[in-house]
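Everything below concerns the one structure shown next.
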Amino acid sequence: MNKELTVQNSLSRKKEIFKPIHEGHIGMYVCGPTVYNDVHLGNCRTFVSFDVIYRYLVFLGYKVRYVRNITDVGHLVDDADTGEDKISKRARLEKLEPMEIVQKYTLGFHEMMRVFNTKSPDIEPRASGHILEQIEMVQAILDNGLAYEKNGSVYFDTVKFAKEQEVYGQLSGRKIDELMVETRDLKNQAEKNNPADFAIWMKASPEHIMRWKSPWSEGFPGWHLECSAMSTKYLGTTFDIHGGGNDLKFPHHENEVAQNYGACKCAPANYWLHTNMLLMNGKKMSKSDNNSITPKQLFTGDSEHISKSYTPMALRFFMLQSHYSSTLDLTDDALLAAEKGYRRMMEGNKTLLGLQHSGKGNASDHDKEINQLIDQAHEHMNDDFNTPMAMARLFELISKINSFKGGQISIDEITAATFERMQTTFKDFIFDIFGLKDEMDAGDQNEALDGLMQLVIDLRQSSRENKDWGTSDKIRDTLKALKIQLKDGKDGTEWSME
RNA sequence: GGUCGGUUGGCCGAGUUGUUAGGCAAAGGUCUGCAAAACCUUGUACAGCGGUUCGAAUCCGCUACCGACCUCCA
């Protein structure tokens with residue numbers, strides 16, 4: 001039960017025992033979105049994954065400082081060093097100020113994070129608000145001799161860095177020699193000493209709107225720089241966990257590591273965690289490939305890829321059923337299954353809350369089994385946040401819960417302590433760790449509806465006692481059409497919203 | 001082309017050497033006025049070939065297929 005927390009560290013490609021730098025405290029940085037467009041579902045998966053990780057670390061009792069940035073400058077559309085800024089491009093297309101674009105899509109992003117019931121990060125810094133810090137970092141890298149200036153732009157000297165430190169390529173599994181013989185024909189590479197070098201400060205072309213003064217030129221910071229500067233500012237030069245999507249490993253994270261070494265000669269993070277991609281039709285969900293479905297489309301059902309609408313919590317549940325480091329293929333069938341599984345879990349919890357323990361149970365085999373399942377659920381979470389396994393144990397507990405309710409097992413076969421532990425476990429896992437919400441508990445919130453339903457159920461019960469099956473079934477079918485399901489049990493009829 | 005990863009039953013998805021993952025779907029049963037729900041039971045699986053091992057879905061090799069990264073993306 002007291003197994004230590006282990007995490008899959010991308011740096012070592014091994015599962016390692018997690019040890020924070022300062023006992024009881026964790027610094028965690030996750031690369032946030034570039035706010036130039038509506039957030040899409042793939043982003044949501046990553047942020048939901050880290051939300052669960054964050055929630056679990058808090059659950060374990062750690063004081064976590066969770067930093068997730070907003071990229072609102074420096075992220076270029078095309079080739080890393082010559083393309084147009086994503087925000088600027090969008091601003092041009094939508095005929096808005098760049099900061100209007102940033103505001104619009106930041107708000108949209110926050111709304112989506114709220115809908116998916118993710119916790120807000122403790123700090124959400126913006127790249128444009130940290131230009132000074134980034135300029136200082138460029139200077140520090142220059143002072144350390146690991147960058148050079150050309151025509152007002154500053155480039156990181158990747159080749160020199162790779163020679164000095166054995167670090168470059170460790171995260172992404174790349175070798176500097178291979179990067180140096182890069183054959184692709186990139187535009188405007190002339191300024192760089194080597195194709196493997198990358199810009200940390202860019203001189204702005206005349207038409208570039210987003211620009212700041214610096215010692216080298218009026219320009220803007222390179223994309224990779226913001227995360228280095230902001231993580232350092234809020235979490236220190238070396239912190240515990242750095243997270244992000246798999247597709248950021250190279251070049252973004254690799255270059256981030258290089259920049260941090262370049263500025264302070266130390267590693268930014270001890271543990272790198274990477275989430276895997278959300279696929280659709282077996283391929284990476286990607287905005288640029290049009291192989292994508294927006295969260296909104298899922299919620300409204302307005303997409304050729306799905307047969308019906310799905311709720312945010314069904315989606316969240318769907319994501320939790322796979323491990324964050326595995327690819328997850330989005331299909332209509334899988335969503336249908338997840339939706340039902342989600343409902344079964346929430347119903348199970350409701351049933352558990354409705355059970356009463358006599359206070360004088362004896363520990364039977366069931367008691368032992370239940371405690372084992374609970375222990376295992378915790379162990380699974382300690383094992384690199386294995387939500388699908390933890391969830392499997394919860395479902396086995398739901399079997400027990402339903403058996404208590406159905407009378408197949410007597411509640412007296414478990415002790416009051418075990419019963420309470422079950423209730424605590426469900427609350428902890430479903431709400432605090434998995435971050436699920438009950439989307440179907442209208443009955444708990446609306447007294448009028450509750451009273452009304454009780455009346456209808458009573459009336460139907462009278463019909464049934466009079467063997468007036470026509471009336472009884474009409475009530476049931478009409479409610480069914482209204483997406484209210486009646487459940488006839490031994491102790492009367494219950495209802496729930498579909 | 002290079003690097004890395006994947007291929008699990010009708011679908012999704014865990015598992016990394018020996019014991020039922022789990023969810024959804026399916027079949028039979030219990031309950032019920034009939035259903036639904038719930039419960040019980042059941043089946044179908046580890047891409048192919050070869051090797052290591054007492055024993056492999058799990059380790060190794062080869063083959064096939066798929067994907068990711070190498071270029072903006074979570």
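The shown structure was predicted, so the numbers you read here are calculated from the model rather than taken from an experiment. These values consider heavy atoms only, across backbone and side chains, with no hydrogens, waters or symmetry-generated copies. Quick note on labels: first sequence line is chain A, next is B, and so on, each numbered from 1.
D122(A) places a side-chain N or O within donor-acceptor distance of the main-chain N or O of Y66(A), the cut-off being under 3.5 Å. Under the 3.5 Å distance criterion, the side-chain polar atoms of Q423(A) are matched with a main-chain donor or acceptor of L352(A).
Distances shorter than 4.0 Å separate none of the side-chain N or O atoms of N402(A) from OP1 or OP2 on A38(B). Considering only side-chain N and O atoms, S172(A) lies nowhere under 4.0 angstrom from the phosphate OP1 or OP2 of C4(B). Contact annotation: K283(A) side-chain N/O to G67(B) OP1/OP2 distance is under 4.0 Å. Side-chain N/O atoms of N246(A) include none lying less than 4.0 angstrom from OP1 or OP2 on A74(B).
Look at CZ on F116(A): it is 15 Å from P on A74(B), rounded to the nearest Å. Atoms NZ (K284(A)) and P (G6(B)) sit 18 Å apart, rounded to a whole Å. Atom OH of Y105(A) and atom P of A74(B) are 14 Å apart (whole Å). In this entry the distance linking CZ of F385(A) with C1' of G15(B) reads 19 Å, nearest Å. With rounding to whole Å, Y54(A) atom OH is found 22 Å from A74(B) atom P. As a whole-Å value, the separation of L273(A) CG from A74(B) P is 18 Å. Here G5(B) presents its P atom at 16 Å from OH of Y324(A), a figure rounded to the nearest Å. Protein atom CE of M277(A) is 11 Å distant from nucleotide atom P of C70(B), rounded to whole Å.
With a 4.5 Å cut-off on side-chain heavy atoms, E256(A) and H252(A) count as touching.
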Original post:
What dot-bracket string describes RNA chain B from 5' to 3', counting Watson-Crick and G-U wobble pairs whose defining distances are under 3.5 Å, with [ ] for crossing pairs and | for pairs to another strand?
Top reply: (((((((..(((.....[...))).(((((.......)))))....(((((..]....))))))))))))....
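Contacts of H357(A) classified as ring-ring contact (aromatic ring centres under 6.0 Å, His included), with partners at least two apart in sequence or in another chain: F419(A). D240(A) meets the salt bridge (Lys or Arg N to Asp or Glu O under 4.0 Å) test with no other residue; sequence neighbours excluded. Under the ring-ring contact (aromatic ring centres under 6.0 Å, His included) criterion, F426(A) pairs with no residue at all, not counting sequence neighbours.
In this structure, L248(A) and L330(A) both approach RNA chain B, and ranking their closest nucleotides by distance from the 5' end singles out L330(A). Residue order along RNA chain B, read from the 5' end via each residue's closest nucleotide, puts R13(A) first among D247(A) and R13(A).
Looking at heavy-atom distances under 4.0 Å, G244(A) makes contact with sugar-phosphate atoms alone, never a base. Residue-level contact check: H323(A) touches the backbone only, with heavy atoms under 4.0 Å from sugar-phosphate atoms and none from bases. Using a 4.0 Å heavy-atom distance criterion, L335(A) is classed as making no nucleic acid contact. Looking at heavy-atom distances under 4.0 Å, K405(A) makes no contact with the nucleic acid at all.
For F250(A), counting side-chain heavy atoms from C-beta on, the closest listed nucleotide (G67(B), A74(B), C70(B)) is C70(B).
Across G15(B) and G6(B), the matching C1' atoms stand 15 Å from one another, rounded to whole Å. On the P atoms, A36(B) is 12 Å away from G28(B), given to the nearest whole Å. Rounded to a whole angstrom, the distance from the C1' atom of A74(B) to that of C69(B) is 14 Å. Distance noted for atom C1' between A26(B) and G9(B): 12 Å (whole Å). Nucleotides C60(B) and U53(B) place their P atoms 16 Å apart, quoted to the nearest Å. Rounded to a whole angstrom, the distance from the C1' atom of U3(B) to that of U8(B) is 26 Å. On the P atoms, A21(B) is 16 Å away from G10(B), given to the nearest whole Å. Here the separation of G51(B) from A37(B), taken at their P atoms, is 50 Å to the nearest Å.
No salt bridge links E494(A) with K350(A); every basic N to acidic carboxylate O contact stays at or beyond 4.0 Å. With salt bridges taken as basic N to acidic carboxylate O contacts below 4.0 Å, one links E94(A) and R90(A). Salt bridge present: R393(A) and E396(A) bring a charged side-chain N and a carboxylate O closer than 4.0 Å. Looking at D473(A) and R476(A), a side-chain N of the basic residue comes within less than 4.0 Å of a carboxylate O on the acidic one, giving a salt bridge. Of the charged side-chain nitrogens involved, none lies within less than 4.0 Å of a carboxylate oxygen, so that D85(A) and R211(A) do not count as a salt-bridged pair.
Ring geometry for Y56(A) versus F385(A): interplanar angle over 60°, hence perpendicular rather than tilted (30 to 60°). Taking the six-membered ring for Trp and thresholds of 30 and 60 degrees, H242(A) and Y29(A) have ring planes inclined between 30 and 60 degrees apart. Ring pair F161(A)/F156(A) is perpendicular by interplanar angle, where above 60° counts as perpendicular and below 30° as parallel.
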Original post:
What one-letter contact string describes nucleotides 22-31 of chain B from 5' to 3', where B marks a base within less than 4.0 Å of any protein heavy atom, S marks contact via sugar-phosphate atoms alone, and - marks no contact?
Top reply: BBSS------
Subject >> Protein-to-nucleotide contact annotation, 5' to 3' order, nucleotides 32-37 of chain B [B base; S sugar-phosphate only; - none; under 4.0 Å, heavy atom] >> reply: -BBBBS
